[in-house]
Amino acid sequence: MRVEVAVVGGGPAGLCLAGALADAGLQVAVLERQSRQALAEPADDGREIALTHASRERLQRLAVWQRIDPEYVHPLRAARVMDGRGARPMEIAAPDRGVLGHLVSNAQIRRAAFAAATHRPAVQLLDHADVQDLTVEGTGVRLRCAGDLSVHARLAVAADSRFSAMRRLLGIGARMRDFGRSMLVCRMAHAQPHRQTAWEWFGYGQTLALLPLAEGQSSVVLTLPHHLAQAMQNLPPDAFARAMQERFDHRLGAMRLLGERHVYPLVGTYARRFVAPRCALVGDAAVGMHPVTAHGFNFGLQSAQALALQLQSALREGRDIGSPDVLAAYERAHRRATVPLYLATGLIASLYTDDRPPARLLRGALLGAARRLSPFRRLVAAHLTRGAGLV
């Protein structure tokens with residue numbers, strides 16, 4: 001089978017890239033290990049994705065946003081960052097009483113991205129396609145999958161998660177940081193209103209996040225050492241609800257579990273290279289973020305657009321889409337966009353999970369300084385609410 005671009009990984013970043021390339025006139029194959037049915041109707045994994053305005057605009061251009069059920073889209077109007085129990089929180093509000101972004105169910109994004117990509121005739125989805133080997137052959141690359149499937153493309157793109165098997169096949173290492181924590185994610189009902197305000201509460205021995213959904217309901221994220229997160233997951237629903245009320249210091253009133261609880265290990269990754277001969281990395285295969293700054297999927301979309309823009313430019317100018325100069329330009333752009341925030345996120349996560357007295361003093365001082373600097377708060381809000389621009 002011959003195509004111009006082979007995208008390995010049928011998650012949202014890979015599917016959005018496939019849609020963007022199809023719109024540019026390229027023939028694209030998406031190779032995915034899972035079944036077509038699993039991609040079309042993904043199971044609810046408990047996660048809510050905080051989308052910036054730029055990400056929403058990208059999804060609109062790809063006809064993904066329009067396919068998301070509005071019932072699963074929730075505006076985020078403000079954010080509150082707290083340290084411990086006594087300090088005043090830092091408040092971040094959207095300019096002109098607008099919204100900072102939107103919270104959207106991850107399963108809904110996956111479902112919509114699948115529908116949008118596969119609606120395009122230039123995108124072929126190959127399910128149960130497990131890539132076993134790849135070989136660069138002149139002006140193309142051949143991907144061999146389990147069974148008899150072989151795909152030849154001018155460019156291959158890895159979009160198969162932060163633990164990318166494709167990245168390993170390419171011989172590209174990654175800086176991996178295990179934060180020694182797991183996050184428990186679930187939806188809960190609560191008596192007190194959230195007023196469409198997200199919380200990031202750095203307690204001692206735990207981190208709590210509240211992502212506002214419909215009024216009286218929120219997605220709750222509890223970060224703990226893995227064995228404690230597992231123990232919380234195994235509590236009976238009523239006991240779990242009482243434990244969460246205690247952990248939230250009863251600020252939300254009575255709480256009740258809605259649906260399943262999910263536990264995920266916290267591991268950050270940053271690929272040492274984003275490109276190889278005739279190959280590129282996007283999404284979590286390139287940069288897998290700690291969720292504390294909510295930039296993971298936003299970066300994934302950004303990487304897909306950055307690569308698509310380079311390929312579109314090459315097509316207009318009659319250049320080879322898999323040439324080293326095209327791929328090098330993509331790598332420079334995405335590294336410049338991601339390195340500062342990736343490093344800063346790691347520092348924030350380290351500082352706010354360190355409960356030793358010096359770290360407590362430092363984080364309290366930093367949060368207090370940020371709270372007093374209104375230009376800083378406006379800068380954060382502007383970053384979240386700005387349009388997509390070019391990248």
Side-chain angles (χ1 to χ4, degrees), residues 9-20 22-23 30 32 34-79 94 98-120 123 125 127 159 185-190 193-198 209-221 256-262 264 283-284 291 294-298 300-302 304-305 384-385 387-388:
L15 290 168
C16 288
L17 174 64
D23 291 346
V30 177
E32 169 58 48
Q34 296 185 81
S35 71
R36 189 182 188 92
Q37 181 62 30
L39 294 175
E41 294 295 333
D44 183 10
D45 62 7
R47 290 183 290 180
E48 303 293 329
I49 306 300
L51 293 175
T52 63
H53 287 262
S55 291
R56 187 194 64 191
E57 290 172 17
R58 291 178 180 124
L59 293 176
Q60 284 176 325
R61 287 199 296 272
L62 293 169
V64 174
W65 183 260
Q66 298 88 321
R67 287 177 163 84
I68 296 174
D69 186 339
E71 181 182 348
Y72 296 91
V73 178
H74 305 282
L76 177 61
R77 299 192 181 279
V99 297
L100 290 172
H102 292 84
L103 294 162
V104 185
S105 158
N106 185 53
Q108 284 290 318
I109 294 174
R110 295 177 71 90
R111 183 178 291 111
F114 173 85
T118 55
H119 183 73
R120 291 167 164 86
V123 176
L125 176 71
D127 62 348
V185 182
C186 64
R187 295 185 184 96
M188 300 196 76
H190 45 82
H194 52 55
R195 296 184 175 87
Q196 298 174 326
T197 298
L210 177 119
L211 305 176
L213 305 178
E215 193 58 84
Q217 295 183 15
S218 295
S219 174
V220 171
V221 184
R256 176 170 53 87
L257 179 64
L258 303 173
E260 300 296 319
R261 288 161 279 181
H262 305 265
Y264 300 98
D284 281 358
H295 268 77
F297 181 59
N298 295 296
L301 277 179
Q302 189 169 315
Q305 181 173 351
L384 293 171
T385 56

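Keep in mind that what you see is a predicted model, and the values were worked out from it rather than measured. Heavy-atom basis, side chains included; hydrogens, waters and symmetry copies ignored.
Rounded to the nearest 0.5 Å, atoms CG (Leu15) and CD (Glu32) are 8.0 Å apart. Here the CD-OG distance, from Gln60 to Ser55, works out to 11.0 Å after rounding to the nearest 0.5 Å. Note that the CG atom of Leu59 and the SG atom of Cys16 stand 5.5 Å from one another [nearest 0.5 Å]. Rounding to the nearest 0.5 angstrom, the gap separating the CE atom in Met188 from the CG atom in Leu210 is 10.5 Å. Note that the OG atom of Ser218 and the CG atom of Leu211 stand 7.5 Å from one another [nearest 0.5 Å]. Distance NE2/His190 to CG/Leu258: 9.0 Å, rounded to 0.5 Å.
Listed by chain and residue number, Arg77 satisfy the side chain to side chain donor-acceptor pair (under 3.5 Å) test with Gln196 (two or more places apart in sequence, or in another chain). Considering only residues two or more places apart in sequence or on other chains, Ser219 meets the side chain to side chain donor-acceptor pair (under 3.5 Å) condition with none of them. Looking at residues two or more places apart in sequence or on another chain, you find a side-chain contact (heavy atoms from CB on, under 4.5 Å) between Ala78 and Thr197. Scored by the side chain to side chain donor-acceptor pair (under 3.5 Å) test, Glu215 finds His194 as partners (sequence neighbours excluded). For Asp127, there are no side chain to side chain donor-acceptor pair (under 3.5 Å) partners at least two apart in sequence or on another chain.
Under a cut-off of 6.0 angstrom, the local environment of CZ in Arg67 is crowded, with over 12 non-hydrogen atoms contributed by other residues, nucleotides or ligands. Enclosure of atom CD in Gln66 by more than 12 non-hydrogen atoms of other residues, nucleotides or ligands within 6.0 angstrom is indicated. Residue His262 places its NE2 atom among more than 12 non-hydrogen atoms of other residues, nucleotides or ligands, all under 6.0 Å distant.
In terms of heavy-atom proximity, Ala13 sits nearest to Phe297 at N-CE1, 4.2 Å. Gly19 and Arg120 get closest at one heavy-atom pair: O-NE, 3.3 Å. Residues Ala107 and Ala43 come closest through the heavy atom pair CB-O, 3.9 Å. The two residues Arg61 and Asp23 have their closest heavy-atom pair at O-OD2, 4.5 Å. Of all heavy-atom pairs spanning Gly10 and Leu39, the tightest one is O-CD2, 3.6 Å. Contact detail for Val123 and Ala117: the closest heavy-atom pair is CB-O, 3.4 Å.
Cation-pi contact between Arg47 and Tyr264: present, with separation from the ring centre below 6.0 Å and deviation from the ring axis of at most 45°.
Ile68 has its side chain within reach of Val73: a pair of non-hydrogen atoms, C-beta onward, lies under 4.5 Å apart. Put simply, the side chain of Val104 reaches to within 4.5 Å of the side chain of Trp65, judged on heavy atoms.
Asn298 places no side-chain N or O within 3.5 Å of a backbone atom of Ile49 that could act as its donor or acceptor partner. For Arg56 (side chain) and Thr52 (main-chain N/O), no donor-acceptor pair under 3.5 Å exists by modelled atom type. Looking at Gln217, its side chain never comes within 3.5 Å of a backbone N or O of Pro212 through a donor-acceptor pair. Between the side chain of Thr118 and the backbone N or O of Phe114, at least one donor-acceptor pair lies under 3.5 Å.
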Inset, instruction - I would like to know whether Arg187 and Glu48 meet salt bridge (charged side-chain N to carboxylate O under 4.0 Å, His left out); could you show each step before the answer? - result: CA-CA 10 Å; Arg187 295 185 184 96; Glu48 303 293 329; 2.7 Å; yes
Inset, instruction - Show your working on side chain to side chain contact (heavy atoms under 4.5 Å, CB included) between Val185 and Arg261 and close with a plain yes or no. - result: CA-CA 6 Å; Val185 182; Arg261 288 161 279 181; over 6 Å; no
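Legend: side chain to side chain donor-acceptor pair (under 3.5 Å) pairs involving residues 99-116, not counting sequence neighbours, sorted by first then second residue: Glu41-Arg111, Asp45-Asn106.
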